[in-house]
Amino acid sequence: MTLVVRVTGLSATAGDAVLVDGVSFEVVAGEVTALVGVSGSGKTTSALALLGEHGDGVRLAGRVEVAGQLVVDGNGVTAAASTVRGRVVAYMPQHPGSALNPARRIGTTLQELAKLHDGDPREAVRAAQLPGDRATLKRFPHQFSGGQRQRVALAQTLTCRPKVLVLDEPSTGLDSITRLQLVHELRELAATGLGILLLSHDLDLVRALASRVVVLDAGQVIATDVLPPAPDLETAGTSAAGQPLLTAMNLSASLRPRGRDVVLHEADLAVRAGACLGVVGRSGSGKTTLARCLAGLHERYTGTILLDDEPLPVLRKRTRDQHRRVQYVWQEVRGSFDERRPVDQQVARTAQRLRGLTPDQAHAEAVAILARLGVAAITAARPPSRLSGGELQRAALARAVLANPDVLICDEITTALDDHGTALVLDLLTELKDRGTALIWIGHDLRLVAAVADRVLVLDAGRVVEQGPPATITTEPHHELTRRLVTAARIGDPHSPPVLTTDSRSEPRR
């Protein structure tokens with residue numbers, strides 16, 4: 001057993017606030033160590049200490065040793081920290097957009113990293129479950145789906161050929177089939193002698209991979225090698241009666257002008273007031289393009305979108321009331337917040353702008369709904385950079401809910417949440433449904449979508465291949481993709497089937 005990381009008594013403070021208190025753990029070559037805990041429990045702060053990195057105004061202390069080099073001691077970060085970053089320890093952040101340069105082709109970035117660290121970019125791309133062909137390497141980050149960008153970020157870290165790989169929520173944005181393949185790939189990486197530190201709220205992923213588990217809460221280690229059982233999700237009820245509130249007919253969308261690069265083909269859907277339509281499919285299947293068309297953000301489409309039997313135009317042509325009535329919460333929310341303003345003020349702005357509330361009234365409602373979602377007032381008063389990914393995801397939901405929408409489109413809104421955070425979100429959305437709000441839930445986790453939806457629509461390569469009640473979809477799937485999604489729904493089950501082979505197609509962004 002070769003120890004590559006030893007963390008002893010790590011603390012992180014910001015003024016009088018204690019972020020991490022006496023955290024200790026180890027990472028062994030060829031094994032996976034997992035840090036688990038709710039959003040804001042100290043996982044990312046603890047992991048970044050391996051690189052000697054921390055937030056503004058944060059002071060590290062304790063002892064952090066990486067591959068025999070002392071990175072943090074009682075006086076803080078040491079000079080050795082700069083020598084371990086990238087070459088010894090590689091870090092993949094939770095939000096891939098922050099790790100990718102939107103102005104550069106991914107192949108160019110990978111080639112530069114390869115020169116610095118003597119890596120092989122094509123091998124790294126394949127290890128990250130992306131095709132290593134020329135066409136893929138010539139793409140820009142925006143030409144990949146959210147899940148694919150996550151894999152591009154993983155390829156960047158692997159190109160550095162590190163001894164220790166830190167993965168911050170690597171299953172965020174991945175469909176269940178790709179997530180199952182990720183387990184296989186990470187096992188293979190660990191088998192090469194790589195030490196992996198996994199930060200995750202995805203307990204099924206942790207069960208499938210980790211040899212050591214450290215549970216954090218409020219910056220402290222509260223347990224080791226213990227995982228709570230997976231939550232039991234009940235099946236949703238029947239659809240609400242009445243005419244559809246939002247309808248889409250023959251909806252086709254393309255990435256380029258004049259109908260070139262079609263990514264959505266003649267999709268039909270309808271959702272009633274008080275009902276939930278679930279949309280599932282693999283990363284790159286067209287889910288987000290469909291959501292953006294309904295939200296008015298994707299303008300290159302043909303077909304008809306109706307709200308209360310009236311045509312619903314693209315976003316820039318919608319009235320203020322139409323804007324209020326249809327709200328969209330997307331997956332990568334950090335870029336939607338202004339780093340210069342506190343989060344609570346940005347959340348409150350929705351109620352001021354779309355409902356005409358006074359600043360004080362809007363702020364009071366914002367603080368109340370954020371607290372209900374588990375984001376405390378003192379946390380929400382900070383700038384976005386001071387919130388965890390899960391806290392910011394819930395803040396984005398609160399911002400949309402404050403508009404009092406008739407239709408709420410949720411695109412992978414629980415990917416950065418632990419089980420507790422997910423339960424808070426589901427509780428709020430259930431209440432909205434009871435009030436008559438129509439929900440469209442875009443997700444890759446068929447098990448979760450089936451638990452909240454009244455009807456499920458399955459997309460594959462931009463086409464609707466199957467739809468029906470969740471009980472039928474999960475117990476009697478007809479399409480091959482649906483069967484694979486059902487099979488991959490519980491990767492943490494020791495009796496799960498063998499890992500499926502990777503689809504080697506070069507997928508465009510959907």
Side-chain angles (χ1 to χ4, degrees), residues 14 17 19 38-40 43-45 48 54-58 93-102 141-142 146 149-150 153 168-169 172-173 201 288 291-292 295-297 315-316 323-324 326-355 357 359 362-405 408-418 421-422 424-425 428-429 442:
L19 309 179
V38 300
S39 296
K43 301 189 300 294
T44 299
T45 299
L48 286 176
H54 52 77
D56 293 338
V58 176
Q94 177 178 349
H95 299 282
S98 63
L100 305 177
N101 187 333
H142 74 272
R149 283 195 292 272
Q150 189 83 319
D168 195 346
E169 304 287 2
T172 297
H201 64 265
T288 293
R292 288 173 58 82
L297 295 172
L315 186 64
R316 59 187 173 87
H323 190 184
R324 180 197 65 78
V326 181
Q327 287 287 304
Y328 175 43
V329 186
W330 52 91
Q331 179 181 344
E332 297 178 8
V333 297
R334 191 168 292 276
S336 69
F337 284 91
D338 184 348
E339 288 292 340
R340 298 166 297 180
R341 298 173 56 212
V343 169
D344 57 355
Q345 292 183 14
Q346 298 184 60
V347 171
R349 179 63 180 162
T350 296
Q352 292 177 243
R353 185 168 54 89
L354 297 181
R355 292 171 51 207
L357 269 62
H363 186 262
E365 284 197 17
V367 171
I369 196 167
L370 285 165
R372 176 169 178 177
L373 289 170
V375 182
I378 191 172
T379 301
R382 300 169 182 164
S385 60
R386 297 285 302 279
L387 272 68
S388 70
E391 290 167 339
L392 211 55
Q393 203 164 40
R394 281 172 279 171
L397 174 60
R399 181 174 56 188
V401 170
L402 274 188
N404 283 353
L408 182 60
I409 305 167
C410 302
D411 190 355
E412 306 277 17
I413 66 167
T414 60
T415 54
L417 302 184
D418 52 78
T422 298
L424 292 175
V425 168
L428 175 61
L429 294 184
I442 312 287

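Formation of a donor-acceptor pair under 3.5 Å by the Gln327 side chain with backbone atoms of His323 is found in this model. No side-chain donor-acceptor contact under 3.5 Å links Thr414 to the backbone of Leu417. With hydrogens and angles ignored, the 3.5 Å screen pairs a side-chain donor or acceptor of Arg324 with a backbone N or O of Asn404. The closest donor-acceptor contact from the side chain of Gln352 to the backbone of Ala362 lies at 3.5 Å or more, if one exists at all. In terms of modelled atom types and a separation under 3.5 Å, the side chain of Gln345 and the main chain of Pro342 share no donor-acceptor contact.
Considering all non-hydrogen atoms of both residues, Phe337 and Pro384 come closest at CB-CG, 3.6 Å. Between Ala403 and Leu354, the closest heavy-atom pair is CB-CD1, 4.0 Å. Taking all atoms of both residues into account, the shortest heavy-atom contact from Val347 to Ala366 is CG1-CB, 3.8 Å. When all heavy atoms of Ala398 and Leu370 are compared, the pair lying nearest together is CB-CD2, 3.8 Å. Considering all non-hydrogen atoms of both residues, Pro383 and Val343 come closest at C-CG2, 4.1 Å. Here the shortest heavy-atom pairing between Ala291 and Tyr328 reads CB-CE1, 3.7 Å.
The OG1 atom of Thr422 sits 8.5 Å away from the CG atom of Leu424 when rounded to the nearest 0.5 Å. Once rounded to the nearest 0.5 Å, the distance linking CG of Leu387 with CZ of Arg394 reads 9.0 Å. Once rounded to the nearest 0.5 Å, the distance linking CG of Leu392 with CZ of Arg399 reads 8.0 Å.
For the pair Arg334/Glu339, a side-chain contact is recorded, criterion being any heavy-atom separation below 4.5 Å from C-beta on. Annotation: side chain of Ile369 is in contact with side chain of Leu428 (closest heavy-atom distance under 4.5 Å). Side-chain contact check for Pro93 versus Asp168: every heavy-atom pair is 4.5 Å or farther apart. Side-chain atoms of Leu402 and Leu357, non-hydrogen and from C-beta on, never get closer than 4.5 Å to each other. No side-chain heavy atom of Ile413 sits less than 4.5 Å from a side-chain heavy atom of Leu408. Counting only heavy atoms from C-beta outward, the side chains of Arg349 and Gln346 never approach each other to under 4.5 Å.
A donor and an acceptor atom, one from each side chain of Gln393 and Thr415, are located under 3.5 Å apart.
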- [ ] Tell me, with the steps shown, if Arg355 and Glu365 meet salt bridge (charged side-chain N to carboxylate O under 4.0 Å, His left out).
- [x] CA-CA 12 Å; Arg355 292 171 51 207; Glu365 284 197 17; 2.9 Å; yes
